[in-house]
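What's counted below: heavy atoms across the whole structure, side chains too, no hydrogens, waters or symmetry copies. Starting from 1, each residue takes its place in the sequence as its number.
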Amino acid sequence: MAVRLLSHDVSDLCLGKPVLKSLPITSTVAEALSALKRHGDTFLAVLSTSDNSSPRLAVVGKVCMVDIVCFLLLDENLTDLPSALRSPLSAVLSKPSDGLVRQIDRHASLLEALDLILEGAQNLVVPLRQSSSARKKPIHGEFCWLSQEDVIRFLLGSIGSFSPLPALSVSSLGLVHPDVLTVDYHDPAASVSALLPLALKNQTAIAVVTDGRKLVGEISPSTLASLRDASVAAAIATLSTGELMAYIDCGGPPEDIVREVKKRLSEKGLNGLLDLLEESMSVMTTSSSSSSSDDEETVTRGRLQRRKSSGSYSARMRRGSEAIVCQQGSSLMAVMMQALAHRVGYVWVVEDDFSLAGVVTFRDILRVFREHLG
């Protein structure tokens, strides 16, 4: 079984993967913000030409809403948001030396892909195969990309090859890492902004705790990114962590919290964030009004049906601030299934009293599988 698993190459993981949506590195922050809202993807690839005379493209990074939010919340940008939005997109990208996005040949082995991930890659960019009719006229820049989740799902299909590994506890495998990013429930949400880039890089989240270590929720970059709304920067700049959790948990930002955010922005003189919030609320209201007829209930064949606009705030929400947890004795298989079911790359580990013991991540799980494969 292990030999058959090792015979697979990267192309086997690309079946059914869509063409990567992208924007050029010459874009501005404002253009990236608009593209994220327009495309509806959590991340967009960032492309750069290899040189001025060649049409060949290379993926040099990726950008999400959290990258933009963190950039706008920098002290030097808070006081002049229009200038910040005109900044080049390169200002919000991670350094190429970080290796978060790596290109790999479609015929590379599964082991090569695993090694790149364990070196720090978050996404592997794979050139898509062209149809025979298109080979005479190459189309540059058509890629898909693979995530740690894609590799975990693929390995799950051959989980029997790793027996008895899947039945062992995450604690016995040394997968529980006690060093986690935390913020107190009562702390200003502004303290979250300094931790978000680290959480984004580590592909985890920020644990929200009370009484020192009791887990009550999380602030997840993936949840914030899925909102595709930079106005969350206004909430981070003015609310407490607990209030921020309420802001992202509801079907839409609660009106009372939105009013409080506007009041505090005015008091702090953060007019740029206030304008951003006003614009976001206006777009949300317009979208809600235009789709009201689609949300009306109709009876068809005796069944009650409801259509919802896919662009609505509530449709974009996922888990909010809910933390996905396991215990030290949870099996590796159980934790993998739990993470995949909730579309996260980590699971918090708690004790019986819900005190935080650590976190298990996809990267560490993949390291265990890599060691097993030899």
Side-chain angles (χ1 to χ4, degrees), residues 42-43 64-66 69 147-149 152-153 170 175-178 180-189 191-193 195-196 198-200 202-229 231-233 235-236 239-254 256-258 261 308 310 312-331 333-362 365:
T42 303
F43 288 91
C64 72
M65 191 62 70
V66 177
V69 166
S147 65
Q148 295 175 15
E149 178 183 333
I152 289 284
R153 286 187 184 278
V170 290
L175 292 174
V176 182
H177 284 267
V180 296
L181 301 173
T182 63
V183 63
D184 191 270
Y185 180 86
H186 301 287
D187 283 349
S191 60
V192 168
S193 62
L195 300 178
L196 276 175
L198 292 174
L200 194 61
N202 296 336
Q203 293 191 292
T204 56
I206 304 165
V208 181
V209 298
T210 59
D211 301 326
R213 202 69 177 177
K214 294 290 181 66
L215 183 66
V216 296
E218 69 174 27
I219 302 297
S220 165
S222 62
T223 297
L224 295 179
S226 71
L227 301 180
R228 302 196 303 277
D229 187 354
S231 68
V232 72
I236 294 175
L239 300 176
S240 70
T241 299
E243 290 170 330
L244 177 61
M245 291 171 68
Y247 187 94
I248 64 178
D249 271 344
C250 302
D256 57 334
I257 295 184
V258 172
V261 169
K308 294 184 178 180
S310 61
S312 68
Y313 188 99
S314 59
R316 299 198 302 263
M317 287 301 297
R318 294 184 181 176
R319 295 176 300 102
S321 63
E322 176 191 1
I324 308 304
V325 302
C326 68
Q327 293 189 310
Q328 304 257 14
S330 298
S331 70
M333 180 71 169
V335 172
M336 288 174 61
M337 295 296 290
Q338 200 174 5
L340 289 173
H342 292 280
R343 303 298 304 275
V344 294
Y346 58 91
V347 176
W348 301 107
V349 183
V350 296
E351 306 294 356
D352 290 339
D353 63 352
F354 247 73
S355 59
L356 185 59
V359 68
V360 176
T361 67
F362 272 168
I365 291 175

Step-by-step side chain to side chain contact (heavy atoms under 4.5 Å, CB included) determination, M65 to D229 = CA-CA 7 Å; M65 191 62 70; D229 187 354; 5.7 Å; no
Under the side chain to side chain contact (heavy atoms under 4.5 Å, CB included) criterion, do V232 and V69 qualify, and how do the steps go?
-> CA-CA 7 Å; V232 72; V69 166; 3.7 Å; yes
Would L239 and V261 count as a side chain to side chain contact (heavy atoms under 4.5 Å, CB included) if you check the C-alpha gap in whole Å, the side-chain angles of each, and the deciding distance to 0.1 Å?
-> CA-CA 7 Å; L239 300 176; V261 169; 3.6 Å; yes
Let me see the working for L340 and E149 under side chain to side chain contact (heavy atoms under 4.5 Å, CB included), right down to the final yes or no.
-> CA-CA 7 Å; L340 289 173; E149 178 183 333; 3.7 Å; yes
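Smallest separation of non-hydrogen atoms from Y346 and A339: O-CB, 4.5 Å. Nearest heavy-atom pair across T42 and C64 is O-CB, 3.2 Å. Nearest heavy-atom pair across I257 and A246 is CD1-CB, 3.8 Å. Residue L244 comes nearest to A235 through the heavy atom pair CD1-CB, 3.9 Å, listed as atom of the first residue, atom of the second, then distance. Taking both residues in full, the closest heavy atoms of P188 and T241 are given as O-OG1, 3.7 Å, listed atom of the first, atom of the second, then distance. Closest of all the heavy-atom pairs between P221 and L196 is CG-CD2, 4.0 Å.
Side-chain atoms of Y185 and E243 include no donor-acceptor pair closer than 3.5 Å. N202 and T204 form no side-chain donor-acceptor contact under 3.5 Å, judged by distance and modelled atom types alone. For the residue pair Q203 / Q148, a side-chain donor-acceptor distance below 3.5 Å is found, with atom types taken as modelled.
Looking only at side-chain heavy atoms (C-beta outward), F43 and S222 stay at 4.5 Å or farther from each other. Looking at heavy atoms from C-beta onward, L356 lies in side-chain contact with R213 at the 4.5 angstrom threshold. Taking the side chain as every heavy atom from C-beta outward, I365 and L175 approach each other to under 4.5 Å. Using a 4.5 Å heavy-atom cutoff, the side chains of L224 and I219 are in contact. When side chains are defined from C-beta on, S191 does not count as touching D184, because their heavy atoms never get closer than 4.5 Å. Between M245 and V208, some side-chain heavy-atom pair lies under the 4.5 Å cut-off. Looking at heavy atoms from C-beta onward, Q327 lies out of side-chain contact with E351 at the 4.5 angstrom threshold. Contact check for I206 versus E218: no side-chain heavy atoms found under the 4.5 Å cut-off.
In this view, D353 and S355 satisfy the side-chain hydrogen bond (donor to acceptor under 3.5 Å, both in side chains) rule, not counting sequence neighbours.
Side-chain atoms of Q338 come within 3.5 Å of backbone N or O of V325 as a donor-acceptor pair. A donor-acceptor contact shorter than 3.5 Å is absent between the side chain of D187 and the backbone of V183. A donor-acceptor pair under 3.5 Å is formed between the side chain of D249 and the backbone N or O of S321.
With rounding to the nearest 0.5 angstrom, the CH2 atom of W348 is 7.0 Å from the CG atom of L215. The CZ atom of R153 sits 8.5 Å away from the OG atom of S147 when rounded to the nearest 0.5 Å. Note that OH of Y247 is 13.5 Å distant from OG of S240, once rounded to the nearest 0.5 Å.
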